[in-house]
Participant: 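One structure, as structure tokens, below. Some questions next.
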Amino acid sequence: MVLQDIKQLLKAWTARDNRWLAVPCSVAALLVLLVLVKSYQGIVYYNSNECRIYRLGYPLEEAQSLASVLSDEQADSLVARGEHDSIAYPIIKQRYFITRNFEHYLAFHKQDTTGMPLSDIVAIVNVSGFPDYEAKPCDTGKGVLMLVNGRHYLDKSYQPDSLVTISRTYCYEDQKAQPAVVEAFMAMQQECKRQTSAQLMVNSAYRSYQQQIATYNRNDKRFAARAGNSEHQTGLALDITSLQHPMRGPFDTSTEGVWMREHCHRYGFILRYPKKQSLIMGYSYEPWHLRYVGVETACRIHDEGITLDEYYAYYLEDKR
Ligand SMILES: [Zn+2]
């Protein structure tokens with residue numbers, strides 16, 4: 001009805017000698033409309049995460065990146081701090097940044113008094129779940145990629161679906177492991193022998209929950225895991241030295257020890273507790289402990305220079 005009335009009014013008005021005014025009036029109306037639209041867009045932008053972060057003092061490019069990465073809740077909490085945080089932007093640029101851990105990285109950095117590199121902070125938070133250290137059951141459905149550590153435990157009753165005995169030629173007492181692990185070990189030891197003339201030997205492979213209790217009780221607690229937290233219960237881990245260097249220390253620096261660390265990924269194994277991550281992960285360096293994860297994953301972990309814990313957190317767990 002109103003539109004009809006306006007039409008009638010315009011008709012009557014332009015019918016009189018006001019026709020020349022029609023064009024300027026239309027232009028003016030358009031300009032008013034444009035100003036209104038722009039004002040609305042301005043208000044929307046002013047309240048956007050990008051602009052709110054920018055107003056805290058972040059350069060525009062950083063504000064844009066932060067806004068695109070963070071959830072609304074995370075942007076709200078960043079803005080609620082009311083000040084610029086110097087690591088907020090660098091942390092989202094870290095290779096293994098996980099969005100859901102954003103606040104934890106900032107909190108960890110604030111508590112750190114050692115000047116730890118951001119990449120280490122990301123690694124520690126990703127694998128430890130800082131500040132929530134609660135232990136959870138291992139997801140055995142992940143198969144050869146299942147994660148067992150101080151935070152992910154196996155049930156008392158867990159045992160691998162299938163275990164095969166390793167030939168006594170390659171171990172000092174009866175040892176068992178999952179079939180794929182034994183097959184991969186046989187291929188690896190054969191090539192190691194061909195190239196270094198040394199014979200790799202399995203010192204320990206599958207250990208049941210009960211056996212692990214005994215192992216923990218009689219060993220150095222820096223190296224031994226508690227029952228339920230040992231990878232040996234999966235049947236996917238092997239402790240290896242050689243016939244020529246049966247002691248762990250000398251094996252570490254022996255030709256075959258070096259060869260094994262450099263080539264084991266090609267057979268699906270990773271060095272589970274490497275030297276450079278011992279501080280970050282809280283495990284001591286174990287040059288003898290290999291973990292089977294399959295060739296594809298082993299090569300990726302080797303190429304990226306990360307631990308299974310970091311790989312698991314970044315690639316296999318829900319990142320949200
Ligand atoms: Zn071991």
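Just so you know, ligand 1 is whichever comes first in the structure, and atom 1 is the first atom listed for that ligand. No hydrogens, no waters, no symmetry mates; every other heavy atom, side chains included, goes into these values. Residue numbers start at 1 and run along the sequence shown.
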Participant: Check all N, O or S atoms of Asp239 and name the one closest to the Zn ion (ligand 1).
Facilitator: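 Atom name returned: OD1.
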Participant: Looking at the Zn ion (ligand 1), is one of the N, O or S atoms of Glu231 less than 2.8 Å from it?
Facilitator: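 No N, O or S atom of Glu231 is closer than 2.8 Å to the Zn ion (ligand 1), so no.
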Participant: Report the name of the N/O/S atom of His289 located nearest to the Zn ion (ligand 1).
Facilitator: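 Of all N, O or S atoms in His289, the Zn ion (ligand 1) lies closest to ND1.
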Participant: Rounded at 0.5 Å granularity, tell me how far CD1 in Ile270 sits from OG1 in Thr307.
Facilitator: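 Nearest 0.5 Å value for the CD1-OG1 distance: 7.5 Å.
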Participant: Check each of Asp239, Ile240, Thr215 against Ser204 using the side-chain contact (heavy atoms from CB on, under 4.5 Å) test, and report the only one that passes.
Facilitator: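 Checked Asp239, Ile240, Thr215 against Ser204; only one passes side-chain contact (heavy atoms from CB on, under 4.5 Å): Asp239.
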Participant: Would you sort out whether Ser230 and Arg207 count as a side chain to side chain contact (heavy atoms under 4.5 Å, CB included), showing the intermediate values?
Facilitator: CA-CA 8 Å; Ser230 169; Arg207 291 198 291 263; 4.1 Å; yes
Participant: Could you tell me whether Lys142 and Asp139 have a side-chain N and a carboxylate O separated by less than 4.0 Å?
Facilitator: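 Looking at Asp139 together with Lys142, the answer is yes, because their closest N to O distance falls below 4.0 Å.
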